[in-house]
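What follows is a set of notes on a single structure, which appears directly below.
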Amino acid sequence: MAFNSNYYKPAMVTIHSVLCNNPCEVVFYIIYSSLSAAEKERLQELAAASGHGRVEFLEVPEGTFGDLPTLSWISTETYYRLMAQKLLPESVERILWLDADMIVLQNIEAFYHQDMEGMLLVACSYGKEGAYHESYRQLTLPADTRYFNAGMLLYDMKAQRDFLPSDVYEDYLRVFGQRLVYGDQDVLNAVFYRCVKYAELKEYNLTTNHVEKFSPEERRELLKNCRILHYNGSIKPWSEKYPFVWGYLFQKYAEVLPEYAEVDFEELKRKHKGARRRYLNYKKKRKGEERWLKYSFVVKIAGKTIRITHFHPAVFRKSRAYLENRKDAEIDIEVKLTEEDIQYEKEQYKKSCSPEERDNCSGLTDADYEVAAANRKVAEALVEHDVLLLHGAAISVDNRAYLFVAKSGTGKTTHINLWRELLGEKVVVVNGDKPFVQVDENVTVYGSPWCGKEDMNTNCAVKLAGVCLLERGEENCIRKIEFSEAFPKLMSSVYRSKDEEKMQKIMRMVGTLGEKVAFYRLQCRPEAEAAKLAYEVMGEEA
Amino acid sequence: MKIKTGFKLMRVGIQKIVVAVEQRAEEFNGMIRLNETGCFLWELLEKGAQRGELAEALVAEYGITPESATADVDAFFDTLLTNGILEE
């Protein structure tokens, strides 16, 4: 197992449940970075008290894997199990991994000693063969992969030592680290997908949200056969808000432990009943309405407070730097993403690529399309708040922003990188691809999370000083131009609404923009001299 | 011939463009800039004028020769037809 102080109490319950139902000798290996001396002592006591258990601690430095993505209810400790091969003594030939939110309800000795048929690990899968899982494409796994849940894993350690290079995970994380959705579970799937023996999930990794899909009669049958129960999901049975069935099984093992002496289990049961009632009502109301669980978060973009409700964690991850943390913030804009939005984005993308590109669709996933849909919907809503979305690269120098507009592939990114080389720290990239521009008395450029493949953006607001149409040229040459000359390019770079009234408004905003900022046409080569010239001319003007 | 639904003339300052809105925006994401004459003709078309009436209207409005008016109307129709803006 792998856990820290925050999961110490539930882990005690897991260990206790194993010992209660398995009279054989059991050694618990615990990978941790922060457990107090008292907690370690208690773990040892608990195992020793059974008369057939003991605990070995394997410490990892704090902050290990700290830079890898996690979901709100999955903590970094989950990655520790990737260190098993390095940390466990050579004498260990087989190991059963259990998450600290699982309990063992029956004897699992036969399971532990089973013939693994030459596979490196035994796990349970919720995916049917050929069923889609969002991690597949993200991790470039083949479509016939059966994605397994990593809560329960039976490892052949000896075979792993023989067949897997010890730094296989490090190599993998270096490439795919930031693409992970389900943390170490994605990594394990990517490494082991061809060497898994699948076990019956109803027996060995029955998740409580799966149990919810069955009728009460069916559930009784399930319980008879279930040997390992998994309280997956974000709400756990030790929380008062736990709304699912079978919370009492956790209580059964918890209530005899001194760690839970202060918990009033009768009271907890009542709370669970209330939570379940509310949950069932909610489910009834939403029946058929939504297919997936949805998440929402609040960001502040272009000075507006926006609540975004979405499916894929990627949408949230992208927006982290813009989170609005004030609990009482008034919401200006509600953006709710739907499956239709994702489909629509897909079609738009297909329309925009050439036939050859369309065929391989460049490995974009539903998560990518949803991120793009979030941008589109926020842009659409911001029109009513006097904000334009412009396709271009916006940088800020000495608190004055410059916006470079050009067709994709002309060299906007190259050019702003030249500014960075020339002026160093003074240059802040507000948004490398799609900045928001507020047009009222002043014209202000805002950073936003959606910024093209180079991923350059800064959460800031800067007064726009100039707009520069960028073109490739034989020589470096810049001149100031009239708004009317810049107008067509500007109109083809601006986000357009399909709504007639909003489109009128966008036109008016572009007109106002024309009155308030200076326009330039820059013909340039990809060299430092071009940036120097542009900076001198545009910087001097304002 | 008349203008398909969804094509709209929009102005800001002296700038005049035709863009597509609503469903039409799915098939047309460009824009067409119109000059003063083009704008005049567009508005007549919107009101239901026929191609044959346009040259005459131009002559009346701007005092140009019928030949140059016909040439203007032809050029205007060329632009609209190439961009698929008109229908029977």
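First the proteins, then the strands, lettered A, B, ... as listed; each starts at 1. Computation of the quantities below employed the complete heavy-atom set of this structure, encompassing side-chain atoms and omitting hydrogens, waters and symmetry-equivalent molecules.
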(message) Please give me the minimum heavy-atom distance between Arg33(B) and Pro488(A), naming the atom from each residue.
(response)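 Result for this residue pair: NH1-CG, 3.2 Å.
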Please determine whether the number of non-hydrogen atoms from other residues, nucleotides or ligands lying under 6.0 Å from atom [atom1] of [X] exceeds 12.
X	atom1	value
Asp332(A)	CG	yes
Glu87(B)	CD	yes
Glu56(B)	CD	no

(message) Does anything in residues 496-516 of chain A reach chain B? List residues with heavy atoms under 4.5 Å apart, or say none.
(response)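 Under the 4.5 Å heavy-atom cut-off, Arg496(A), Lys498(A), Asp499(A), Glu500(A), Met503(A), Gln504(A), Met507(A), Arg508(A), Gly511(A) qualify.
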(request) Answer with side chain, backbone, both or neither: which region of Arg11(B) has an atom nearer than 4.5 Å to a non-hydrogen atom of chain A? (result)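 The backbone, not the side chain.
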(message) Tell me which of these, Ala25(B), Gly30(B), Ala20(B), has more heavy-atom pairs under 4.5 Å with chain A than the rest.
(response)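 Maximum pair count with chain A is reached by Gly30(B).
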(message) Once ring-ring contact (aromatic ring centres under 6.0 Å, His included) is applied, do any residues pair with Tyr495(A), and if so which ones, sequence neighbours excluded?
(response)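 Checked Tyr495(A) against ring-ring contact (aromatic ring centres under 6.0 Å, His included); zero matches.
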(message) Going by the rule salt bridge (Lys or Arg N to Asp or Glu O under 4.0 Å), which residues pair with Glu36(B) if we only count those two or more places apart in sequence or in a different chain?
(response)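 Glu36(B): salt bridge (Lys or Arg N to Asp or Glu O under 4.0 Å) contacts with Lys16(B).
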(request) Name all residues meeting the salt bridge (Lys or Arg N to Asp or Glu O under 4.0 Å) criterion together with Arg479(A); count only those two or more places apart in sequence or in a different chain, and write none if there are none. (result)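 Arg479(A): salt bridge (Lys or Arg N to Asp or Glu O under 4.0 Å) contacts with Glu485(A).
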(request) Report yes if the side chains of Lys351(A) and Glu26(B) come closer than 4.5 Å at any heavy-atom pair, otherwise no. (result)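 Yes, side chains in contact.
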